[in-house]
Amino acid sequence: MSYPLYIARKEILLKLESTLLKSGYKGDIKLEIPPIGLGDFAIPCFSFTSKVKKSPNEIANDIVKKFEKSKWVKKTVVKGAYVNFFLDNDIFKNSFFKSIFEKKENYGYLERKKEKVIVEHTSANPNGPLHVGRARNPIIGDTIVRIFKTAGYNVESQFYLDDMGKQVAILAWGVNNLDSKKIPKPNYNKPDHKTVGYYQVGSKLLKEDEEISKQIGIIVKKSEEGDKKTIDLVHKAYAPVLEGINDSLKRINITIDNYIPESNFLKNNSTNNVVEKLKKSKYCGVEEGAYYLDMKPFGIKGRNTNFFFLRKDGTTLYATRDIAYHLWKADHADILINVLGEDHKLESKQVEIALKLIKAKKIPKVIFYSFVSLPGGKMSTRHARVVYIDELIDECINLAYNEVKKRRGKELSEKKMKEIAEIVGIGALRYNIIKVQPEKDMEFKWEEALNFEGNASPFIQYSHARACSILSKKQDEIRDIDATLLTHVSEENLIKNLAKFPIIIEEACEGCKPHSIPAYLFEVASQFNKFYRDCPVLPEKNIDIRKARLSLVNATRIVLKNGLNILGIVAPVEM
RNA sequence: GGGCCUGUAGCCUAGACUGGAUAGGGCGAUAGCCUCCUAAGCUAUAGAUCGCGGGUUCGAAUCCCGCCAGGUCCGCCA
């Protein structure tokens, strides 16, 4: 890897190891990045005290004395129990710009890797439009896809299509039996919105009328038996919903590579294979003709720890098909990642245990997210107590439009303002959702979803637009710059931030932590705005300094653009 | 009844997995900055018993135990 921070880090680690060996200190070397101003890298010396009778401070001083010289390290400073390493700024700056000139628009991207990754996300029941309650799923999923792509992996996104459940059966019954005049008028002229009414009315009738309940039951039963006609009927019912979901996803820059219908695994008999294997497990039990795995030995607790995978009538269950799906995925990829709502925690754990029992090649890593609720409670498609994602998208774009008009109404054309509003509105939406850790509970509030200031996407997009604006006015060629001319503290801090980009991507990828990307970009944009304040670029008289600064602006532009791209957000050249 | 997740200023949030330097940010509030590359910006001030109580440790927001609050799950549902 040619990124300077990697080289510097590796070099320091190597030299530290030999220093410790020579001095007889034992313990883990924890190279960390210290608080601003204290240095570029640091190690705490607490852990080295175990074998020797010295204070951490004495050890730190000793390490500094014995530390071999390196061209990367300008000075080492002991503060308390820490050894702080200061990089040689000139060497660091020059090698940073070398890596930028080398990688150009691909700066930040990591080496290509051989492994294939399948990210399963969204997988919503196709019975109605996506609502905000589950909006985190596609956004987290897609961001993970983009993180892994940037980290060099070959990635495929999959939507596991639940085409056999009660939800779609209700929808299918509604579409085929209800009078369209009795379906409430949708607010949106989209196929999913036009169809969801059949589901809502259908599920209401299901509770009131036993005959209807019976008919829906038959649809479910026949699907599970693999009846082609029924599966086809259901398919025709949910197809428009799926089309609508797909359109909504596209609006927020998300594409699904493959939709995998659950019924596939019934059709190709792989569920039978799963059932046969599970039956052989010593944890398998039978209760009134139905088969289950006893989950107690695996630490599953609760009222009932039996995990059923085959009904007494011989049909399979959702989880059985899910196991078959995962076996299939394991054959097609090296790394499996699932993004699921927290309600799937137990089922996912059970599937994982079953997969291990039948010796699956790969076990998925699962990212769970908490639901977004409304101030009064949770959202529900059935009760039409929802904010649909389409409403949220429109609101965000509307608000963005008002803002652009307020600020630039006199200068920009209507078309331009609409373009910017779209980019800004959607950016704000994705950013607001992804900036929070998935497992944190979220309550949906319009004021917050539509927040455009501070730690929000428009702030970062604005910084990018500022950078582009400078570059669009430049007269100089930016080649062969002298990076050592960038000596202002704002310049140096900005360079250090930009240099971290590849490491941030690597860590976000390894830890599956999508929210660390927005945090980083906010830092970069913030630092760029300070540089913008302190170091005028175009008015600068000294041509060499001007060129070096232009280079820095361009580097920032690339990092912001690539970083926003990881979040599925467009970086506008103008705002 | 039990499992899992969450609890950090008025509000939102980072840090927790891998214990370590004065707990970072943002919104809102208050006070400033556009004859100078886009003020969606910048600067300053105020605001924190890190849910509560114990324990381990030289050192705990972070690890362990107990409690409280919210979410979620414990179907031959999906």
Side-chain angles (χ1 to χ4, degrees), chain A residues 28 30 32 34-36 38 42 44-47 49 55-56 79-82 84 125 162 164-169 220 262 287-292 295 299-306 308-313 315-319 321-322 341-347 349 368-371 373 378 400 403-404 406-408 411 424 432 435-443 445 447-448 451-463 465-474 511 515-516 519 522-523 525-526 528-530 532-540 549 553 574-575:
Chain A
D28 290 338
K30 253 183 76 182
E32 32 187 78
I36 281 191
L38 293 180
C45 299
F46 303 98
S47 64
T49 53
S55 73
K79 192 166 184 206
Y82 288 84
N84 294 309
N125 259 318
D162 187 0
M164 306 196 61
K166 200 171 182 180
Q167 318 299 325
V168 281
V220 175
E262 192 182 327
E287 192 181 292
E288 292 174 30
Y291 288 76
Y292 65 86
M295 290 279 150
I300 303 285
K301 288 166 188 164
R303 276 194 269 267
N304 185 0
T305 57
N306 290 348
F308 283 89
F309 60 91
L310 192 69
R311 292 195 185 92
K312 68 174 169 216
D313 65 3
T315 55
T316 55
L317 289 97
Y318 170 81
R321 273 118 47 193
D322 202 12
E342 58 179 341
D343 56 337
H344 273 70
K345 268 186 183 171
L346 178 62
E347 193 260 351
K349 184 83 196 154
F368 295 103
Y369 63 92
S370 300
F371 298 124
S373 61
K378 73 193 253 197
E403 293 291 319
V404 187
K406 195 169 83 195
R407 291 164 216 269
R408 309 286 309 272
E411 314 156 51
V424 170
N432 270 317
K435 77 173 176 189
V436 180
Q437 300 181 25
E439 57 272 22
K440 242 358 185 211
D441 296 335
M442 267 179 125
E443 195 168 86
K445 291 180 194 135
E447 320 85 86
E448 273 167 35
N451 169 29
F452 279 24
E453 264 150 30
N455 188 0
S457 169
F459 174 81
I460 293 159
Q461 291 173 311
Y462 179 71
S463 308
R466 269 183 156 179
C468 289
S469 169
I470 293 173
L471 293 167
S472 72
K473 295 188 179 94
K474 73 174 197 290
H515 65 279
S516 61
F522 180 67
E523 224 176 284
S526 206
F528 175 71
N529 283 326
K530 284 178 187 132
Y532 186 91
R533 175 198 63 199
D534 295 332
C535 310
V537 180
L538 300 175
E540 173 59 48
R549 284 183 180 165
V553 172
E574 194 177 8
M575 256 175 89

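So you know, we letter chains A, B, ... as the sequences are listed, proteins then strands, and number each from 1.
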Query raised in the report: Is the distance from OP1 or OP2 of B/rC73 to the nearest side-chain N or O of A/Arg303 less than 4.0 Å?
Result: no
Report task. Would you tell me whether A/Lys301 and A/Thr305 have side-chain atoms, one donor and one acceptor, within less than 3.5 Å of each other? Result -> no
Query raised in the report: Across the strands shown, which category fits A/Gln167 at heavy-atom distances under 4.0 angstrom: base, sugar-phosphate, nothing?
Result: nothing
Query raised in the report: How many angstroms lie between atom CG of A/Asp343 and atom NZ of A/Lys378, to the nearest 0.5 angstrom?
Result: 7.0 Å
**Report entry** Nearest-nucleotide 5' precedence on RNA chain B, A/Lys445 against A/Ala42
**Finding:** A/Lys445
Query raised in the report: Of the nucleotides B/rC5, B/rG41, B/rC76, which one has an atom closest to the side chain of A/Arg466?
Result: B/rG41
Requested in this report: Just compare B/rC5, B/rC76, B/rA40 and give me whichever is closest to any side-chain atom of A/Glu453.
Outcome: B/rA40
Query raised in the report: Tell me: CZ of A/Phe459 to P of B/rU13, nearest whole Å?
Result: 20 Å
Query raised in the report: How would you label the contact of A/Cys535 with the nucleic acid (heavy atoms, under 4.0 Å): base, sugar-phosphate, or nothing?
Result: base
Query raised in the report: Is the A/His344 ring parallel, tilted or perpendicular to the A/Tyr318 ring (thresholds 30°, 60°)?
Result: perpendicular
Requested in this report: Could you check whether A/Glu262 gets within reach of a base, just the sugar-phosphate, or nothing at all, counting any heavy atom under 4.0 Å?
Outcome: sugar-phosphate
Requested in this report: Hey, can you tell me if A/Tyr532 and A/Phe528 have their rings parallel, tilted or perpendicular (30° and 60° cut-offs)?
Outcome: tilted
**Report entry** Point-to-point distance, once rounded to the nearest 0.5 Å, from NZ of A/Lys349 to CD of A/Glu347
**Finding:** 13.0 Å
Query raised in the report: What is the nucleic acid contact for A/Asp162, judged by heavy atoms within less than 4.0 Å: base, sugar-phosphate only, or nothing?
Result: sugar-phosphate
Requested in this report: Determine: side-chain N/O of A/Arg311 to OP1/OP2 of B/rC77, distance under 4.0 Å, yes or no.
Outcome: yes
Report task. Without swapping roles, check the side chain of A/Lys435 against the backbone of A/Asn455 for a donor-acceptor pair under 3.5 Å. Result -> yes
Query raised in the report: Which part of the nucleic acid does A/Ser370 contact within heavy-atom distance under 4.0 Å: base, sugar-phosphate only, or nothing?
Result: nothing
Query raised in the report: A/Phe452 has a side chain; which of B/rC5, B/rC73, B/rA40 sits nearest to it?
Result: B/rA40
Query raised in the report: A/Phe309 has an atom CZ; how far is it from atom P of B/rC76, in whole Å?
Result: 13 Å
Query raised in the report: NA contact type, A/Val404, heavy-atom cut-off 4.0 Å: base, sugar-phosphate, or nothing?
Result: base
Query raised in the report: Would you say a side-chain N or O of A/Asn306 is under 4.0 Å from OP1 or OP2 of B/rC76?
Result: no
Query raised in the report: Between A/Arg321 and B/rC77, is there a side-chain N or O to OP1/OP2 distance below 4.0 Å?
Result: no
Requested in this report: Examine distances only and state if a side-chain atom of A/Arg311 and a backbone atom of A/Thr316 form a donor-acceptor pair shorter than 3.5 Å.
Outcome: yes
Report task. Please work out if A/Gly302 contacts a base, only the sugar-phosphate, or nothing of the nucleic acid, heavy-atom cut-off 4.0 Å. Result -> base
Query raised in the report: Does OH belonging to A/Tyr291 count more than 12 external heavy atoms closer than 6.0 Å?
Result: no
Query raised in the report: Whole Å only: how far is the CG atom of A/Asn529 from the P atom of B/rC33?
Result: 20 Å
Query raised in the report: Within the structure, does a side-chain N or O atom of A/Asn432 lie under 4.0 Å from either OP1 or OP2 of B/rU13?
Result: no
Query raised in the report: Going through the distances and angles, do A/Phe459 and A/Phe522 end up as a ring pair (Phe, Tyr, Trp, His ring centres under 6.0 Å)?
Result: CA-CA 8 Å; A/Phe459 174 81; A/Phe522 180 67; 5.0 Å; yes
**Report entry** A/Arg533 side chain near B/rU43 phosphate (N/O to OP1/OP2, under 4.0 Å)
**Finding:** yes
**Report entry** Watson-Crick/G-U partner (both atom distances under 3.5 Å) of B/rA29
**Finding:** B/rU45
Query raised in the report: Which part of the nucleic acid, if any, lies within contact of A/Ala465, taking any heavy atom under 4.0 Å across all strands shown: a base, the sugar-phosphate backbone alone, or nothing?
Result: base
Please produce a list of atom pairs where a protein N or O lies less than 3.5 Å from an N or O of nucleotides 7-10 of chain B.
from: B/rG7; atom 1: OP1; to: A/Lys440; atom 2: NZ; distance (Å): 2.9

Requested in this report: Round to the nearest Å and state the distance from A/Met295 atom CE to B/rC73 atom P.
Outcome: 19 Å
Query raised in the report: If we only count heavy atoms from C-beta on, is the A/Met295 to A/Asn306 side-chain gap below 4.5 Å?
Result: no
**Report entry** A/Glu411/A/Arg408 salt bridge by N-O under 4.0 Å criterion
**Finding:** yes
Query - Distance, P atom - from B/rA60 to B/rA23, rounded to whole angstrom - result: 14 Å
Requested in this report: Start with the C-alpha gap between A/Lys345 and A/Glu342, add the side-chain angles, then the distance that decides, and say whether salt bridge (charged side-chain N to carboxylate O under 4.0 Å, His left out) holds.
Outcome: CA-CA 5 Å; A/Lys345 268 186 183 171; A/Glu342 58 179 341; 5.2 Å; no
Query raised in the report: Please give, in whole Å, the distance from B/rG15 P to A/Glu32 CD?
Result: 16 Å
Query raised in the report: So what does A/Pro34 touch, heavy atoms closer than 4.0 Å: a base, only the sugar-phosphate, or nothing?
Result: base
Query raised in the report: Considering only the P atoms, how many Å lie between B/rC12 and B/rU49, rounded to the nearest integer?
Result: 15 Å
Requested in this report: Using the closest heavy atom to pick a nucleotide of RNA chain B for each, name whichever of A/Pro539 or A/Asn125 lands nearer the 5' end.
Outcome: A/Pro539
**Report entry** Phosphate contact (B/rC5 OP1 or OP2) by A/His344 side-chain N/O below 4.0 Å
**Finding:** no
Requested in this report: Could you tell me the separation between the CG atom of A/Asn304 and the P atom of B/rG3, rounded to a whole number of Å?
Outcome: 16 Å
Query raised in the report: Contact class for A/Lys378 (heavy atom, under 4.0 Å): base, sugar-phosphate, or nothing?
Result: sugar-phosphate
**Report entry** Atom pair distance, as rounded to whole Å: CD in A/Glu443 and P in B/rG71
**Finding:** 10 Å
Query - Chi-angle category of B/rC74 [syn within 90° of 0, anti beyond] - result: anti
Please tabulate, one pair per line, each protein N/O and nucleotide N/O from nucleotides 55-63 of chain B that are separated by under 3.5 Å, including the distance.
none

**Report entry** For A/Val220 against A/Met164, the heavy-atom pair lying closest together
**Finding:** CG1-O, 4.2 Å
**Report entry** Pairwise side-chain contact, A/Glu574 with A/Cys468, heavy-atom cut-off 4.5 Å (strictly under)
**Finding:** no
Query raised in the report: Within the structure shown, what part of the strands sits under 4.0 Å from A/Lys435 by heavy-atom distance: base, sugar-phosphate, or nothing?
Result: nothing
Protein-nucleotides 29-31 of chain B N/O pairs closer than 3.5 Å?
none

Query - Test item: A/Val436 and A/Met442 side chains (from C-beta on) under 4.5 Å apart, heavy atoms - result: yes
Report summary line: Under a 3.5 Å limit on both distances, the Watson-Crick or wobble mate of B/rC67 is B/rG51
Requested in this report: Could you state the atom-to-atom distance from CZ of A/Phe522 to P of B/rC12 in whole Å?
Outcome: 18 Å
